[in-house]
> 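Starting off with a structure, shown below.
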There are 2 protein chains.
Amino acid sequence: MDPARSTDPAGWAERRPASDPAPAPVEAPPHVPGERDDELATRLRVAVTRLNRRLRQQSLAGLSPSQAAALGSINRLGTPTLGELALAEQVQPPTMTRLVAGMERDGLVVRFQDEQDRRVWRVRLSAEGRRTLQRIHRLKNAFLTRQMAALDEEERARARELTELLERLVADR
Amino acid sequence: MDPARSTDPAGWAERRPASDPAPAPVEAPPHVPGERDDELATRLRVAVTRLNRRLRQQSLAGLSPSQAAALGSINRLGTPTLGELALAEQVQPPTMTRLVAGMERDGLVVRFQDEQDRRVWRVRLSAEGRRTLQRIHRLKNAFLTRQMAALDEEERARARELTELLERLVADR
DNA sequence: GACATTAGTTAGCACAACTAACTACAATGG
DNA sequence: CCATTGTAGTTAGTTGTGCTAACTAATGTC
């Protein structure tokens with residue numbers, strides 16, 4: 001009944017007070033997505049939330065992270081429609097409308113109407129957009145690059161694999 | 001001179017159109033935090049941005065991700081001051097003021113003034129806050145847990161490493 | 001040609017981050 | 001002992017990013 005009780009309130013005291021008998025290892029039944037995976041999910045969520053925050057704090061050549069990401073997608077996709085772009089970036093259409101509006105205002109992209117289907121608008125990078133993308137790329141990953149430079153050789157190789165994993169986690173639906 | 005050209009604008013066309021002669025492989029110089037690390041940093045940044053977006057879309061027992069993270073920190077730290085909490089969460093003081101105000105309004109935490117230094121305010125979890133933290137923990141990492149369930153045994157082990165890496169990347173200054 | 005579908009936009013909401021400027025209290029030093 | 005300096009937190013205002021609901025305009029279909 002007492003809500004503040006015996007076992008760790010949330011079950012994931014990193015750095016636990018060491019005054020806790022640790023009730024029982026409770027190893028998971030063979031394979032069910034048990035406690036341990038759950039704790040892992042939480043830690044991953046928290047780490048991602050914070051890292052994201054840090055990344056937003058770094059300016060990316062004057063672009064917001066969302067703009068920077070969208071710019072990258074446009075570069076990759078060539079002349080996507082707004083819908084394709086929204087899909088690629090996993091945002092809803094209105095969000096992409098606004099994002100692109102801002103980038104157009106800033107001269108990073110050009111919008112143009114599709115010939116075949118006049119409901120459709122496409123975007124492509126402007127020369128300025130390409131320059132900016134290069135700048136972001138070359139100079140503005142400073143934070144992560146610096147942080148990663150602190151890793152040793154082997155860890156850095158690992159980082160590559162792990163990034164791929166992360167991409168996979170976020171990718172499929 | 002012409003800004004639009006010859007080499008790939010940003011140097012990381014995943015899935016290039018295949019209609020492109022691919023000017024020259026341009027392999028990176030040996031070891032300096034060069035192109036390759038830079039590309040990795042970009043990919044990591046993009047993946048984190050997107051995953052974060054996905055996570056925000058998932059509700060966490062009615063809390064925002066920031067609230068959820070802060071709740072976790074409070075649980076870990078006990079009775080932190082707002083400043084300590086802001087530091088832990090790597091946000092500016094005003095952000096933490098508002099975050100805590102919201103959590104207090106929602107009955108998740110209790111604010112109280114420090115005895116020694118009356119400029120200082122501390123927070124602790126309420127019973128409700130503890131319950132919510134449990135709920136978040138047990139039930140509401142659905143998205144990530146689900147995504148991770150799709151991984152095989154060995155990949156899941158790597159997910160753990162990934163998380164540790166992210167924690168390290170975000171941790172030190 | 002009426003009707004349904006699709007692409008994108010507009011409007012309005014909520015949240016999360018920031019900086020600058022402020023209040024309240026504490027600590028220090030003539 | 002009080003004036004100054006420093007520190008903790010708040011208030012105000014801005015920006016960015018996401019959403020849903022409701023709309024316009026074009027397309028496709030029967």
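In what follows, chains are A, B, ... by sequence order, proteins preceding strands, each numbered from 1. Because only heavy atoms are used, hydrogens play no part in the values below, and waters and symmetry mates are left out as well, while side chains stay in.
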> Name the one of B:L77, B:T79, B:L85 that satisfies side-chain contact (heavy atoms from CB on, under 4.5 Å) with B:V123?
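For B:V123, the side-chain contact (heavy atoms from CB on, under 4.5 Å) check succeeds only for B:L85.
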
> For B:L99 and C:dA17, give me the distance from atom CG to atom P, rounded to whole Å.
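Value for this atom pair: 7 Å.
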
> Does C:dT9 have OP1 or OP2 sitting under 4.0 Å from an N or O in the side chain of A:T97?
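Affirmative; the distance criterion is met.
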
> So, is B:R111 near the phosphate of D:dA8, with a side-chain N or O under 4.0 Å from OP1 or OP2?
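Checking D:dA8 against B:R111, no side-chain N or O comes under 4.0 Å of OP1 or OP2.
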
> Taking side chain as C-beta onward, heavy atoms only, is B:I74 less than 4.5 Å from B:L133?
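Contact flag for B:I74/B:L133 side chains = no.
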
> Quick one, B:L87 and B:E84 - any side-chain contact, counting heavy atoms below 4.5 Å?
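Side-chain contact under 4.5 Å: no.
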
> Expressed in angstrom and rounded to an integer, what is the separation of A:D114 atom CG from C:dT6 atom P?
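So the CG-P distance, A:D114 to C:dT6, works out to 17 Å.
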
> Please state how far atom CH2 in B:W121 lies from atom P in C:dT23, giving the value in whole angstrom units.
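For the pair B:W121 CH2 and C:dT23 P, the rounded distance is 18 Å.
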
> Looking only at side-chain atoms of B:Q92, point me to the closest of C:dT19, C:dA16, D:dT17.
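Within the option list, the nearest is C:dT19.
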
> Classify the nucleic acid contact of B:R122 as base, sugar-phosphate or nothing, counting any heavy atom under 4.0 Å across all strands shown.
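No contact at all - B:R122 keeps every heavy atom at 4.0 Å or more from the nucleic acid.
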
> What is the distance, to the nearest angstrom, from the CG atom on A:L63 to the P atom on D:dT15?
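It works out to 17 Å between those atoms.
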
> C:dA16 C1' sits how many Å from B:M96 CE, rounded?
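For the pair B:M96 CE and C:dA16 C1', the rounded distance is 11 Å.
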
> Nearest whole Å is fine: how far is C:dC18 P from B:E89 CD?
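Whole-Å distance recorded here is 12 Å.
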
> Go along nucleotides 21-30 of chain D 5' to 3' and tag each nucleotide: B for a protein heavy atom under 4.0 Å from its base, S when only backbone or sugar atoms are that close, - otherwise.
B----BS---

> If you take atom types as modelled and just measure distance, does the side chain of A:R98 reach the base of D:dG18 with a donor-acceptor pair under 3.5 Å?
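Indeed, a donor on one side and an acceptor on the other fall under 3.5 Å apart.
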
> With the side chain of B:L82 defined as its heavy atoms from C-beta on, choose the nearest nucleotide among C:dT9, C:dA16, D:dG9.
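Of the candidates, D:dG9 comes closest.
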
> Rounded to whole angstroms, how far apart are CE on B:M103 and C1' on C:dC15?
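That distance rounds to 14 Å.
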
> Would you say a side-chain N or O of B:S66 is under 4.0 Å from OP1 or OP2 of C:dA17?
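B:S66 to C:dA17 OP1/OP2: side-chain N or O found under 4.0 Å.
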
> Can you check whether A:L162 reaches A:L166 side chain to side chain, under 4.5 Å on heavy atoms?
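In short, these two side chains do not touch, never coming nearer than 4.5 Å.
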
> Given side chains that start at C-beta, do those of B:Q67 and B:L99 come closer than 4.5 Å, heavy atoms only?
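Answer yes - side chains close enough.
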
> Quick one: does B:V109's side chain get under 4.5 Å of B:S126's, heavy atoms only?
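When only atoms from C-beta onward are counted, B:S126 and B:V109 do not touch, as no gap falls below 4.5 Å.
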
> OP1, OP2 of C:dC18 versus side-chain N and O of B:T95: anything below 4.0 Å?
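Affirmative; the distance criterion is met.
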
> Can you find a heavy atom in the side chain of B:E154 that is under 4.5 Å from one in the side chain of B:R158?
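Yes; the side chains approach each other to less than 4.5 Å.
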
